[in-house]
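Below: one structure, written as C-alpha cells.
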Amino acid sequence: MTEKAEFARQREKMVSKQIEKRGIHSQRVLAAMRAVPRHEFVPYEYQKNAYEDRPILIGKKQTISQPYIVALMTQLLELQAEDTVLEIGTGSGYQAAVLAELAGHVYTVAPHQELARNARAVMDTLNIHNVTLHQGDGSEGWPEHAPYNAIMVTAAAPEAPRPLLAQLREGGRLVIPVGGAGAQYLQVWRKKMGKYDHETIVPVSFVPLRGKLGWEEDWVK
Ligand code: SAH
C-alpha cells in the first residue's frame with residue numbers, strides 16, 4: 001500500500017470510530033474530516049500518530065485538538081457553503097483547512113509567525129486558496145472583515161470576548177472554550193435579533209488564549 005493510501009485508510013477509520021460513533025451526524029462535517037489530510041499538518045515525527053484519538057504537539061507549546069473535538073466544534077458552527085468564518089488560533093492550520101472545506105472563506109489569526117508560515121505552506125501544497133492568514137492578537141477578533149457568519153476560538157478564554165460577539169452577523173454562531181487551567185467548557189453563542197444567548201456543551205482542555213482579552217499567565221509548562 002502506498003503511504004498516501006495508508007493514511008487515507010487510517011483517516012477513514014478515525015472518522016467512523018472516533019467521530020461518527022460518538023454522535024457527529026452532519027454529513028458535511030464527516031465528509032470534510034474525510035477529505036483533509038491531517039498528517040500533512042503535524043510535524044514529520046508525529047505523522048504516524050496523526051489519526052490517533054488524541055491531540056498532537058505542533059511546537060511552541062501548542063497542540064492540534066483531538067479529531068473528535070475538531071469535528072464537534074465544526075458541527076456546532078452549522079456552516080453553509082457561502083459563509084465567512086473567523087478562526088482565532090491558526091496553529092498548524094488543520095482546523096482552518098476543515099473549515100475551508102465547508103465555508104466560502106476562512107480568516108484565521110495567529111500570534112506566531114513561524115507556525116503561520118508553516119500553515120500557509122501546507123495549505124498551498126494542498127491547493128487550499130480560500131483561507132487568509134493574519135499574524136497578531138486575535139482576542140479582539142479581526143474587525144476589517146466582519147461581520148462573520150461564524151467564529152471559532154481554538155484556545156481557552158476567561159470569557160467570550162465582547163468584540164468577537166460584536167463581529168457576528170445576525171444569526172451567527174461563536175464556538176469558544178471558556179475557563180482556566182483546570183476547568184473549561186465549550187460554549188456556543190448565538191446572535192439573535194441583536195441579542196446573545198449561549199449554551200454550554202462539554203468540558204474541554206485547551207491551551208490559553210493570550211493577548212488583550214485572554215489570560216495573562218501561560219499555564220502550559
Ligand atoms: N486550531 C489549531 C490549534 C490551535 S492551538 C490547529 O488546528 O492546529 C491554540 C492556538 O491559539 C495556538 O497556536 C496559539 O498560538 C493561539 N493563540 C493563543 N492566543 C491567541 C491570540 N490572542 N490570538 C490568536 N491566536 C492565539
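FYI, the numbering just counts along the sequence from 1. Read the numbers this way: they start at 1 and go in the same order the structure lists the ligands and their atoms.
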Sequence neighbours left out, what passes salt bridge (Lys or Arg N to Asp or Glu O under 4.0 Å) with D53? Give chain and number order.
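Result, salt bridge (Lys or Arg N to Asp or Glu O under 4.0 Å) vs D53: R22.
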Within the side chain of [X], is there an N or O that forms a donor-acceptor pair under 3.5 Å with the backbone of [Y]?
X    : Y    : result
N49  : I56  : no
R54  : Q66  : no
Y107 : A146 : no

N/O to N/O under 3.5 Å, ligand 1 against protein:
unit_1	atom_1	unit_2	atom_2	d
ligand 1	1 (N)	E87	OE2	3.1
ligand 1	1 (N)	G89	O	3.0
ligand 1	1 (N)	T154	OG1	3.2
ligand 1	7 (O)	Q95	N	3.0
ligand 1	8 (O)	S92	N	3.0
ligand 1	8 (O)	S92	OG	2.6
ligand 1	19 (N)	R210	N	3.0
ligand 1	22 (N)	D137	OD1	2.8
ligand 1	22 (N)	R210	O	2.8
ligand 1	23 (N)	G138	N	2.7

List, one per line, each side-chain donor-acceptor pair under 3.5 Å for residues 162-179, sequence neighbours excluded.
unit_1	atom_1	unit_2	atom_2	d
Q167	OE1	W142	N	2.9
Q167	NE2	E140	O	3.0
Q167	NE2	P163	O	3.3
E170	OE1	M193	N	3.1
E170	OE1	G194	N	3.1
E170	OE2	M193	N	2.6
R173	NE	L77	O	2.8
R173	NH1	G171	O	3.1
R173	NH2	L77	O	2.7
R173	NH2	E78	O	3.1
R173	NH2	D83	OD2	3.4

Let me have the donor-acceptor pairs involving side chains of residues 67-74, under 3.5 Å, with sequence neighbours excluded, atom names and distances please.
unit_1	atom_1	unit_2	atom_2	d
T74	OG1	V70	O	2.6
T74	OG1	Q95	NE2	3.0

